[in-house]
Novice: 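Provided herewith is a single structure, encoded as structure tokens, for subsequent inquiry.
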Protein chains: 2
Amino acid sequence: MGNWDRDALDQEGRDKFINYLKEHGYSCSKSRLKLFDLVHSIHHHFDSEELVKIANENKLQISRATIFRNLVLLEEAGFIKKVQFTDRHTHYEHIYGHKVHDHMICVKCGVVVEFFKRSIQVALEEVASEHSFVAHSHKLEIMGHCKKCNPDS
Amino acid sequence: MGNWDRDALDQEGRDKFINYLKEHGYSCSKSRLKLFDLVHSIHHHFDSEELVKIANENKLQISRATIFRNLVLLEEAGFIKKVQFTDRHTHYEHIYGHKVHDHMICVKCGVVVEFFKRSIQVALEEVASEHSFVAHSHKLEIMGHCKKCNPDS
DNA sequence: GTCTGTGCAAATGCTTTGCATGATG
DNA sequence: CATCATGCAAAGCATTTGCACAGAC
């Protein structure tokens with residue numbers, strides 16, 4: 001994961017991020033933009049440790065503290081979202097340029113499958129409105145055994 | 001939360017727990033049973049801190065370490081389950097004697113509403129089998145604003 | 001030049017662990 | 001009486017924070 005470069009999609013998101021920063025009175029520091037690029041150079045789930053590692057390997061000059069502080073900002077700006085898998089620390093995934101989806105996790109081998117199911121989305125809307133909630137987002141993870149790890153097969 | 005007592009339902013669960021311990025080669029220590037009772041005397045979500053606090057107030061003589069160690073056991077035995085809300089530390093809820101349900105969390109006031117929706121359960125089963133997964137459990141949380149905190153109302 | 005962001009290292013807070021002691025079967 | 005559980009205090013680990021300095025606008 002040492003190499004990372006922006007692609008066209010990210011460039012568009014990058015501009016949105018810059019706008020967000022300006023509109024909300026945050027400055028466009030180099031670290032923030034570097035972190036944005038770094039985060040978007042990873043095409044899978046990631047955690048803070050991974051960012052720190054890549055940043056160090058590539059001598060990006062972003063400290064661990066700055067990474068944590070700006071992950072909060074990226075989350076607040078709606079570019080990334082926390083996901084909690086089996087272990088204790090926080091993982092993130094991209095939102096920008098990605099479709100809404102949920103996760104299925106094999107408790108044996110740890111494989112994570114992303115899926116989208118319209119009927120779930122619809123049912124979520126319904127149940128929220130039944131309880132007079134205005135839903136903004138949700139977190140859904142199915143735990144079980146994947147085909148390979150299925151003890152009965 | 002200073003008072004706690006077993007009721008009939010818990011007594012049945014308690015026996016199951018004792019069986020579980022025996023079958024799995026764990027000893028039926030006083031601490032373990034006290035923790036079982038304590039956990040089941042709480043009728044809502046709880047966290048380790050709350051258990052420690054009640055244990056101390058009631059002089060139950062269960063140390064923090066023992067609480068953590070046995071929470072793992074209770075989870076493994078299927079009596080409680082981890083739930084992750086907004087803050088950083090782990091919350092638990094009962095499984096035994098409770099129906100399957102999910103949560104809706106108000107991001108403003110933090111209220112947690114439990115709900116059950118059949119169409120969601122059905123859709124979860126479907127999507128798992130579409131991906132050749134055998135689902136054991138799931139975690140579903142809807143984040144949004146409750147009626148009171150809804151900014152548009 | 002003023003205000004905001006960053007780096008560093010220390011602090012935090014939940015959780016885990018090593019080891020000597022105590023309870024269990 | 002051998003084994004497993006517990007208590008205590010210390011360690012771990014992801015994350016947060018205070019403060020002096022650097023960078024943005």
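We use all heavy atoms of the structure for the numbers below, so side chains are in, but hydrogens, waters and symmetry mates are not. We name chains A, B, ... by the order of the sequence lines, and we start the count at 1 in each one.
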Novice: For the residue pair A/Cys106 and A/Cys146, what are the closest heavy atoms and their distance?
Specialist: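 Residues A/Cys106 and A/Cys146, closest heavy atoms: SG-N, 3.5 Å.
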
Novice: I need the CG-P distance between B/Asn70 and C/dT17, as an integer number of Å.
Specialist: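 Atom CG in B/Asn70 sits about 14 Å away from atom P in C/dT17.
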
Novice: D/dT6 phosphate, OP1 or OP2: any side-chain N/O from B/Ser31 under 4.0 angstrom?
Specialist: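 Looking at the OP1 and OP2 atoms of D/dT6, one of them is under 4.0 Å from a side-chain N or O of B/Ser31.
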
Novice: When the distance from CZ of B/Arg69 to P of C/dT16 is rounded to whole Å, what number comes out?
Specialist: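 Atom-to-atom, B/Arg69 to C/dT16, this comes out as 11 Å.
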
Novice: So, is A/Ser29 close to the C/dT4 phosphate, meaning a side-chain N or O under 4.0 Å from OP1 or OP2?
Specialist: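 Negative; the distance criterion is not met.
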
Novice: Nearest-Å distance, CG (B/Leu71) to C1' (C/dT16)?
Specialist: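 The distance from CG of B/Leu71 to C1' of C/dT16 comes to 13 Å, rounded to the nearest Å.
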
Novice: Check for me whether the distance between the ring centres of A/Phe79 and A/His98 falls short of 6.0 Å.
Specialist: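 So the answer is no for these two rings.
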
Novice: Looking only at side-chain N and O atoms, does B/Ser27 come under 4.0 Å of OP1 or OP2 in D/dC4?
Specialist: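 So the side-chain polar atoms of B/Ser27 never come under 4.0 Å of the phosphate oxygens OP1 or OP2 of D/dC4.
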
Novice: Have B/His145 and B/Asn150 got a donor and an acceptor in their side chains that come within less than 3.5 Å?
Specialist: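 Their side chains do not contain a donor-acceptor pair, so the 3.5 Å distance test is not met.
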
Novice: Could you tell me the separation between the CD1 atom of B/Ile67 and the P atom of C/dT17, rounded to a whole number of Å?
Specialist: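 It works out to 17 Å between those atoms.
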
Novice: Does A/Thr90 place a side-chain N or O at less than 4.0 Å from the phosphate oxygens OP1/OP2 of D/dT15?
Specialist: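 A/Thr90 to D/dT15 OP1/OP2: side-chain N or O found under 4.0 Å.
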
Novice: If each of B/Val72 and B/Cys28 is mapped to the nucleotide of DNA chain C with the nearest heavy atom, which maps nearer the 5' terminus, i.e. the 5' end?
Specialist: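 With B/Val72 and B/Cys28 compared, the 5'-side residue is B/Val72.
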
Novice: Would you say A/Arg32 reaches C/dT6's phosphate, i.e. side-chain N/O to OP1/OP2 under 4.0 Å?
Specialist: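 Yes.
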
Novice: Between C1' on C/dA9 and CZ on A/Arg64, what's the gap in Å once rounded to a whole number?
Specialist: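 Atom-to-atom, A/Arg64 to C/dA9, this comes out as 12 Å.
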
Novice: With a non-hydrogen cut-off below 4.0 angstrom, is A/Glu49 in contact with a base, only sugar-phosphate, or nothing?
Specialist: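 Here A/Glu49 touches no strand at all.
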
Novice: Without decimals, in angstroms, what is the distance between A/Lys22 NZ and C/dT4 C1'?
Specialist: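 Spelled out: NZ on A/Lys22 to C1' on C/dT4 is 16 Å.
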
Novice: Report yes if the distance between the aromatic ring centroids of A/Phe46 and A/His94 is under 6.0 Å, otherwise no.
Specialist: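 For A/Phe46 and A/His94, the ring centres are under 6.0 Å apart.
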
Novice: Using the rule that two of Ile, Leu, Val, Met, Phe, Trp, Tyr join whenever any of their side-chain heavy atoms come within less than 4.5 Å, decide whether B/Leu38 and B/Phe68 are in one cluster.
Specialist: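 No, separate clusters.
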
Novice: Roughly, in whole Å, what's the span from CZ in A/Phe68 to P in C/dG5?
Specialist: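 Whole-Å distance recorded here is 19 Å.
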
Novice: What is the distance, rounded to the nearest whole Å, between atom CD1 of B/Ile18 and atom P of C/dT24?
Specialist: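 One finds 13 Å between P of C/dT24 and CD1 of B/Ile18, rounded.
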
Novice: Establish, with yes or no, whether the OP1 or OP2 oxygen of D/dT15 is under 4.0 angstrom from a side-chain nitrogen or oxygen of A/Ser48.
Specialist: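 Yes, such a contact exists.
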
